[in-house]
*Asks:* 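Sharing a structure, written as structure tokens. Questions coming.
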Amino acid sequence: MKLKEIPESRLNTDYFIRSKTRELAETVGDGIAINALSGGVDSSTVTVLAHRALGDRLKTYFIDNGIMREGEPQRVVLLFRKLGIPVQLLDARREFFAALKGKTDPEEKRQAITDAFYRKVFGRLVKESGARFLIHGTIYTDVEETVAGIKRQHNILAQLGIDPRRAYGYSVLEPLIELRKPAVRKLAKALGLPREIYERPPFPGPALTARVIGEATPERIEIVRKATRITEEMLSKVKAFQCLAILHEDRVTGIREGRREFGLQIEVRCWNSKDAVTASPTRLPFPLLEKLAGRLTSEVPGVVSVTYNITPKPPSTIEAV
Ligand code: XMP
């Protein structure tokens with residue numbers, strides 16, 4: 001079946017919610033479905049939609065893969081609890097870091113996360129819960145970029161010729177697959193999600209590993225996690241599509257307390273974009289950049305150099321990996 005986009009302007013949210021909840025309820029029947037919530041717009045929207053369709057036949061998990069932003073797992077679980085949707089927090093940090101060990105190639109890192117997620121963690125969850133369906137927040141853009149060979153979005157299976165039932169033992173349902181981000185935000189709002197969710201800047205599926213060049217060890221993820229918190233804090237008032245901090249693999253000579261330090265480099269990116277397909281760097285005020293560099297070098301252990309990326313997409317991409 002050829003996939004067709006429903007643009008935001010043509011999305012009738014009432015109709016969409018009615019037809020998708022009916023479809024989900026019919027497909028799952030009296031079985032059980034599971035889904036993974038990450039707290040991003042897509043997975044949050046799919047969680048509320050599927051919860052409306054299935055009630056307690058939907059089991060929602062937040063998988064703590066160790067590569068999320070600071071405090072994220074606890075914050076998201078609490079927010080959904082307040083919305084009346086129970087979410088189980090699952091600690092899978094060891095499995096993800098074991099899968100990432102020794103991997104430096106971007107596509108191999110993405111593949112390792114996909115496998116840890118679908119085969120290991122979900123494979124086990126499906127077995128334990130008896131679920132036959134996994135409900136996933138894949139959107140139109142994920143399919144496009146994967147098929148175009150730009151980046152393998154970690155949630156794309158069918159479009160790459162992977163049959164999840166044969167490969168992993170369960171079916172994947174993707175009710176948002178005809179929508180791009182602006183349409184998903186409109187739907188999220190219609191479903192009653194709070195503004196902090198439906199206006200949330202995008203965050204990549206492979207999480208902070210997309211922002212660590214080279215091996216994503218627990219220690220290096222911790223460094224980029226601290227840099228991310230500071231960057232997001234400092235740039236929170238900037239009107240931008242997405243701001244991020246990247247940890248480089250190369251070291252450079254710096255000076256700290258009068259002594260040579262062969263230290264780490266952080267690259268900051270802050271993007272203007274409509275749909276993430278093309279993007280341009282925002283013109284951040286220089287004093288703000290200087291303050292940010294000051295905080296990153298004094299608060300993140302080992303960082304002696306901070307750069308700001310001024311390249312548009314293309315030829316850059318938004319994330320580094
Ligand atoms: P790139 O780096 O490809 O990013 O220019 C485009 C947009 O997509 C996000 N991104 C991802 N989102 N799974 C996702 O759900 C992924 O594997 C992934 N990789 C990148 C990125 O943050 C940006 O908004």
Side-chain angles (χ1 to χ4, degrees), residues 35-47 62-63 65 67-69 72 76 96 99-100 103 105-118 134-160 162 172 174-177 179-185 188 197-213 216 224-225 228 231-232 235 240-247 267-282 309 311-321:
N35 83 310
L37 170 69
S38 70
V41 191
D42 307 341
S43 76
S44 298
T45 305
V46 100
T47 299
F62 188 107
I63 295 167
N65 50 17
I67 51 181
M68 300 279 183
R69 282 172 290 187
E72 189 79 352
V76 176
F96 279 85
L100 286 164
K103 307 241 169 20
D105 176 79
E107 292 298 300
E108 274 182 27
K109 281 158 69 176
R110 285 172 173 260
Q111 183 66 48
I113 293 169
T114 305
D115 284 345
F117 184 80
Y118 284 102
L134 167 62
I135 304 183
H136 213 293
T138 317
I139 67 168
Y140 196 81
T141 332
D142 299 338
V143 179
E144 263 181 339
E145 293 221 331
T146 302
V147 172
I150 296 170
K151 269 181 201 180
R152 185 198 197 295
Q153 306 286 324
H154 84 113
N155 48 2
I156 296 297
L157 301 170
Q159 290 74 15
L160 291 175
I162 299 168
V172 178
E174 298 168 313
L176 309 183
I177 202 151
L179 311 180
R180 284 181 199 273
K181 206 63 114 190
V184 181
R185 292 191 199 280
I197 295 281
Y198 68 76
E199 280 190 356
R200 216 167 185 205
F203 188 71
L208 296 174
T209 49
R211 300 174 182 178
V212 169
I213 301 175
V224 89
R225 182 180 283 132
T228 301
T231 305
E232 288 186 351
L235 304 183
F241 178 78
Q242 199 172 0
C243 298
L244 46 125
I246 293 157
L247 173 63
E267 175 190 328
V268 175
R269 297 183 182 184
C270 186
W271 297 103
N272 278 325
S273 178
K274 257 207 171 88
D275 51 14
V277 178
T278 58
S280 57
T282 61
N309 189 313
T311 324
K313 172 183 177 176
S316 178
T317 56
I318 289 180
E319 304 289 342
V321 169

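Whatever order the structure lists ligands and atoms in, that order sets their numbers, starting from 1.
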*Asks:* What about Arg211: any of its N or O atoms under 3.5 Å from an N or O on ligand 1?
*Replies:* no
*Asks:* Does this structure show an ion pair linking Lys109 with Glu319, if we count only N-O contacts that are shorter than 4.0 Å?
*Replies:*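 No.
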*Asks:* List ligand 1 atoms under 4.0 Å from Gln242, heavy atoms only on the residue side.
*Replies:* 21 (C), 22 (O), 23 (C), 24 (O)
*Asks:* Taking non-hydrogen atoms only, is Pro202 closer than 4.0 angstrom to ligand 1 via side chain, backbone, both or neither?
*Replies:* side chain
*Asks:* Say whether Thr47 and Asn35, considering side chains only, have a donor N or O and an acceptor N or O under 3.5 Å apart.
*Replies:* yes
*Asks:* Whether the side chain of Ser316 engages the backbone of Pro312 through a donor-acceptor N/O pair (distance < 3.5 Å, no angle test) should be reported.
*Replies:*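 Looks like no, no N/O pair under 3.5 Å.
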*Asks:* Check Leu176 against Asp42 and note the closest heavy-atom contact, atom names and distance.
*Replies:* CD1-O, 3.6 Å
*Asks:* Tell me whether Arg110 has any N or O atom under 3.5 angstrom from an N or O of ligand 1.
*Replies:*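 Yes.
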*Asks:* Do any nitrogen or oxygen atoms of Phe241 come within less than 3.5 Å of a nitrogen or oxygen of ligand 1?
*Replies:*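 It does not: no N or O of Phe241 is found under 3.5 Å from an N or O of ligand 1.
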*Asks:* Could you walk me through whether Lys181 and Ile139 pass the side-chain contact (heavy atoms from CB on, under 4.5 Å) check?
*Replies:* CA-CA 8 Å; Lys181 206 63 114 190; Ile139 67 168; 4.2 Å; yes
*Asks:* Please report the interatomic distance CD(Glu108) to CG(Leu100), rounded to the nearest 0.5 Å.
*Replies:* 11.0 Å
*Asks:* Are any of the N/O atoms in Pro206 less than 3.5 Å from those in ligand 1?
*Replies:* no
*Asks:* Quick check on contacts: which atoms of ligand 1 are under 4.0 angstrom from a heavy atom of Ile318?
*Replies:*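 Atoms satisfying the 4.0 Å criterion: 1 (P), 2 (O), 4 (O), 5 (O), 23 (C).
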*Asks:* Given 3.5 Å as the limit, does a donor-acceptor pair link the side chain of Ser273 with the main chain of Phe241, or not?
*Replies:* no
*Asks:* Can you list the ligand 1 atoms lying under 4.0 Å from a non-hydrogen atom of Lys313?
*Replies:* 1 (P), 3 (O), 5 (O), 6 (C)
*Asks:* May I ask you to list the atoms of ligand 1 that are less than 4.0 angstrom from any heavy atom of Ala276?
*Replies:* 6 (C), 7 (C)
*Asks:* Tell me the nearest of Gly205, Ser38, Ser43 to atom 15 (O) of ligand 1, using heavy-atom distances.
*Replies:*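 Looking at heavy atoms only, the winner is Gly205.
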